[in-house]
Structure formats: structure tokens, C-alpha cells
Amino acid sequence: MSHPNRHILITAAVSAAFFGTALQSFPPPPGDFPFGVYDPNGDFSEEKNVQVEHLFLPWEDLFLESLIEADKYAKERNREVLVTIEPWTWTRDARNTPARLIRGIRDGTYDSNMAAICEVLNEFESKVTVRWAQEMDDDSGQFIWAQWQPETYVYAFKRMIDICREKAPEIRVMWSPLGYENLNKYYPGDDYVDIIGLSVFGLQPWEQIYKGGDMSFDDIFAPRYERVKEYGKPVMVAELGYSGDEAYVARWEQTVRQDKSAYPALTGVVYFNQQEVYPWPNGFGLPDWRVEHRIRVETAGN
């Protein structure tokens with residue numbers, strides 16, 4: 001998933017909580033399995049049964065002071081913090097090319113970007129997991145750090161995590177492929193991974209045309225889990241979303257936090273409560289994963 005202008009969105013829920021903005025509240029899916037949210041509009045701000053607050057940051061053009069408020073927000077709600085650091089700016093017309101990003105990482109241009117963020121994370125009272133340059137196995141063209149030569153990505157990952165650990169030695173590190181068959185080529189080694197994150201998105205109209213029918217959470221997640229369980233690390237669904245007709249959404253809602261004994265390494269699921277900003281293939285536009293908009297009237301069959 002890509003995220004424009006989230007240096008503004010990151011503080012939306014925080015500002016609402018601190019300044020009394022009225023927010024509509026939505027309950028988490030039923031169940032006891034650990035649940036988290038990326039929730040820029042604060043839809044889950046009053047919910048007690050949320051264990052993880054997910055933040056997305058660009059490492060350029062970031063208002064670092066907003067992170068301290070985000071920590072307060074999470075701490076007051078007894079939530080851990082998952083921080084996705086994206087190595088670019090969210091100003092689209094100022095973005096790097098992959099070659100410039102690679103060169104800048106190799107020559108140390110971006111060392112200070114990573115160090116500055118991790119210095120602030122070291123001040124957090126909340127428990128922090130850092131997720132850097134996610135979904136590197138994605139072949140959609142969405143991310144400028146995806147589909148690099150594996151050795152290039154591994155070098156970059158290790159360099160940035162070394163910098164972050166030097167500034168924030170207590171962080172946990174998440175390595176977070178999308179979950180495709182080639183993910184193992186990008187694994188940076190056990191010393192650089194505390195937990196593995198995967199992404200799971202269900203879009204009913206796309207599935208009906210290209211998969212022959214509706215898919216379930218398990219249909220999508222199980223093969224991805226199989227590809228990473230051999231590493232012996234805890235696993236989390238770092239980004240989760242689903243959109244379709246009412247029955248489709250209800251089926252997902254009733255399963256994502258229920259019995260997960262088939263996945264003994266799975267530690268939690270984190271919902272992505274935002275509209276997509278990068279088009280899905282084959283003309284499916286920008287799916288809206290937000291809880292209040294994810295029920296669609298149109299599906300592939302009508």
C-alpha cells in the first residue's frame with residue numbers, strides 16, 4: 001500500500017483525541033485474537049480491544065514532533081506501536097528513482113534520515129516495532145524499493161536497521177514482504193528479523209473475475225504463512241483489508257480474529273483502515289478498506 005501526505009494523516013487520530021473532535025467509533029471484529037489498526041481518522045480511538053497502533057512515516061518531509069504525540073496516544077490506550085518507515089517522500093513529484101535511492105543508501109546520504117526517526121522512537125514509552133521498506137517482493141511498480149536485486153535490498157535493509165538499532169536499541173524489527181513466492185530471496189537473516197509481517201487484502205469483485213469466486217482470509221493467508229514459517233519467527237498480518245458485498249464482508253469479519261490454531265506463529269492482525277491510493281490492476285481502481293465504506297453494492301456479477 002502506498003500513502004500520500006501521511007505526515008498530515010498520521011496525526012489525525014491523535015489530534016481528535018487531544019482536542020475533543022467528535023469521532024464515529026467502530027468495534028473491532030469479534031474475537032480474542034490480538035488486533036491492531038492503521039487508523040488515521042480515529043475510528044477506533046475509543047475501542048479498548050485494540051492492541052497495536054500502526055503508523056506510516058516517510059523518511060523525508062516528516063514532522064518528527066508528531067511522533068511524540070502518537071506515542072502518547074498509543075500509551076494512553078495501552079497499545080504497542082508498529083512504525084512503517086517508507087524510504088521516500090510522500091510528495092509524488094519529488095520522489096526518487098530506484099537508482100537514486102539505491103545510490104543514496106550506499107553512499108550514506110540517507111543515514112541521517114533513518115537516524116533522526118529512530119532517535120525519536122527511542123524516546124517512546126510504548127513498545128515499538130520498526131517495519132522498513134515493506135512489500136519488497138511486490139511486482140506492481142508501486143514502490144521504488146520493490147523488485148531490486150535481492151542482494152541490494154538485503155544490504156539496504158541491514159544498513160538501515162543497524163543505524164536504527166544504534167539509536168534505538170530496544171526496538172523490534174519487522175521484515176515485511178507482501179508474501180509472494182520469491183520472498184525468500186529478500187530475507188536479511190535471522191539477526192535482522194524479530195518478527196515477520198505479511199499483507200492480506202480481499203477484494204471480492206476482483207476475486208470473482210480473476211480467481212473464479214470469493215476468497216477467504218485463509219485462502220490468501222495460508223500459502224503466505226507457509227512461505228515464512230520455516231524461519232521460526234513470530235508472524236503478524238501487518239496490513240489487512242477486505243471489501244465486497246455485505247455477505248462477503250461479514251464472512252471475513254467473523255474469521256479474522258477467530259481460531260488461528262492453524263498458524264501457531266501468528267501473533268496478531270492489523271487492519272488498514274484507509275482507502276487505497278495505488279490502483280489495483282485491471283481497472284479496479286482504489287479499493288476503500290475503511291470500515292464505514294468497505295461494503296460495496298457492485299460486484300463482478302452485476
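Glu60 and Asn113 share no donor-acceptor pair across their side chains, judged by distance under 3.5 Å alone.
Annotation: Glu151, atom CD; neighbour count of heavy atoms from other residues, nucleotides and ligands within 6.0 Å is above 12. By the 6.0 Å contact criterion, CG on Asp107 is enclosed, its count of non-hydrogen atoms from other residues, nucleotides or ligands being greater than 12. The environment of CD in Glu226 is crowded: more than 12 heavy-atom neighbours from other residues, nucleotides or ligands sit within 6.0 Å. The local environment of CG in Asn282 is crowded, with over 12 non-hydrogen atoms from other residues, nucleotides or ligands closer than 6.0 Å. Annotation for Glu230: atom CD counts as buried by contact number, over 12 foreign heavy atoms lying within 6.0 Å.
A donor-acceptor pair under 3.5 Å links the side-chain atoms of Arg77 to the main chain of Ser45, judged by distance alone. The backbone N or O of Pro98 sits nowhere less than 3.5 Å from a side-chain atom of Trp148 that would complete a donor-acceptor pair. Formation of a donor-acceptor pair under 3.5 Å by the Asp39 side chain with backbone atoms of Glu53 is not found in this model. A donor-acceptor pair under 3.5 Å is absent between the side-chain atoms of Arg172 and the main chain of Ile195, judged by distance alone. Between the side chain of Arg227 and the main chain of Gly179, a donor-acceptor pair closer than 3.5 Å is present. With hydrogens and angles ignored, the 3.5 Å screen pairs a side-chain donor or acceptor of Glu207 with a backbone N or O of Met215. With hydrogens and angles disregarded, no donor-acceptor distance shorter than 3.5 Å links the side chain of Ser243 to the backbone of Pro287. A donor-acceptor pair is defined here as one N or O able to donate and one able to accept, closer than 3.5 Å; no such pair exists between the side chain of Glu166 and the backbone of Asp162.
Salt bridge status for Asp191 with Lys158: absent, with no side-chain N to carboxylate O gap under 4.0 Å. Electrostatic pairing of Asp288 and Arg296 does not count as a salt bridge here, judged by no charged N lying under 4.0 Å from a carboxylate O. A salt bridge is defined here as a Lys NZ or Arg NE, NH1 or NH2 lying under 4.0 Å from an Asp or Glu carboxylate O, and Glu47 with Arg79 fails to meet this definition. Under 4.0 Å is where a charged nitrogen must lie from a carboxylate oxygen, and between Arg290 and Glu276 no such pair does.
Between Trp88 and Trp59, a ring centre-to-centre spacing not shorter than 6.0 Å is recorded. Checked against a 6.0 Å centroid threshold, the rings of Phe143 and Tyr278 do not count as neighbours. Tyr242 and Tyr271 have their aromatic ring centers within a separation under 6.0 angstrom.
Note that Arg159 lies outside the cation-pi zone of Tyr155, set by a 6.0 Å cut-off to the ring centre and a 45° limit from the axis.
Across Tyr38, Trp252, Phe201, a single residue satisfies ring-ring contact (aromatic ring centres under 6.0 Å, His included) together with Trp289, and that is Phe201. If you run side-chain hydrogen bond (donor to acceptor under 3.5 Å, both in side chains) between Thr84 and each of Glu239, Glu135, Arg131, only Arg131 comes through.
Within the 4.5 Å cutoff, the side chain of Lys233 has no heavy atoms near those of the Trp175 side chain. By the 4.5 Å heavy-atom criterion applied to side chains, Met160 and Asp111 are counted as neighbours.
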Verdict with supporting geometry, Tyr187 and Tyr153, ring-ring contact (aromatic ring centres under 6.0 Å, His included): CA-CA 9 Å; Tyr187 187 66; Tyr153 181 84; over 10 Å; no
Working for side-chain contact (heavy atoms from CB on, under 4.5 Å), residues Tyr192 and Val173: CA-CA 7 Å; Tyr192 285 86; Val173 176; 5.7 Å; no
Test salt bridge (charged side-chain N to carboxylate O under 4.0 Å, His left out) applied to Lys185 and Asp137, step by step: CA-CA 9 Å; Lys185 298 189 299 183; Asp137 53 333; over 6 Å; no
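Both Trp132 and Ile196 belong to a single network of hydrophobic side chains, linked directly or stepwise wherever heavy atoms of I, L, V, M, F, W or Y lie under 4.5 Å apart.
Judged as a side chain to side chain donor-acceptor pair (under 3.5 Å), and not counting sequence neighbours, the contacts of Lys167 are Glu119. Residues forming a side chain to side chain donor-acceptor pair (under 3.5 Å) with Tyr110 (at least two apart in sequence, or on another chain): Asn96.
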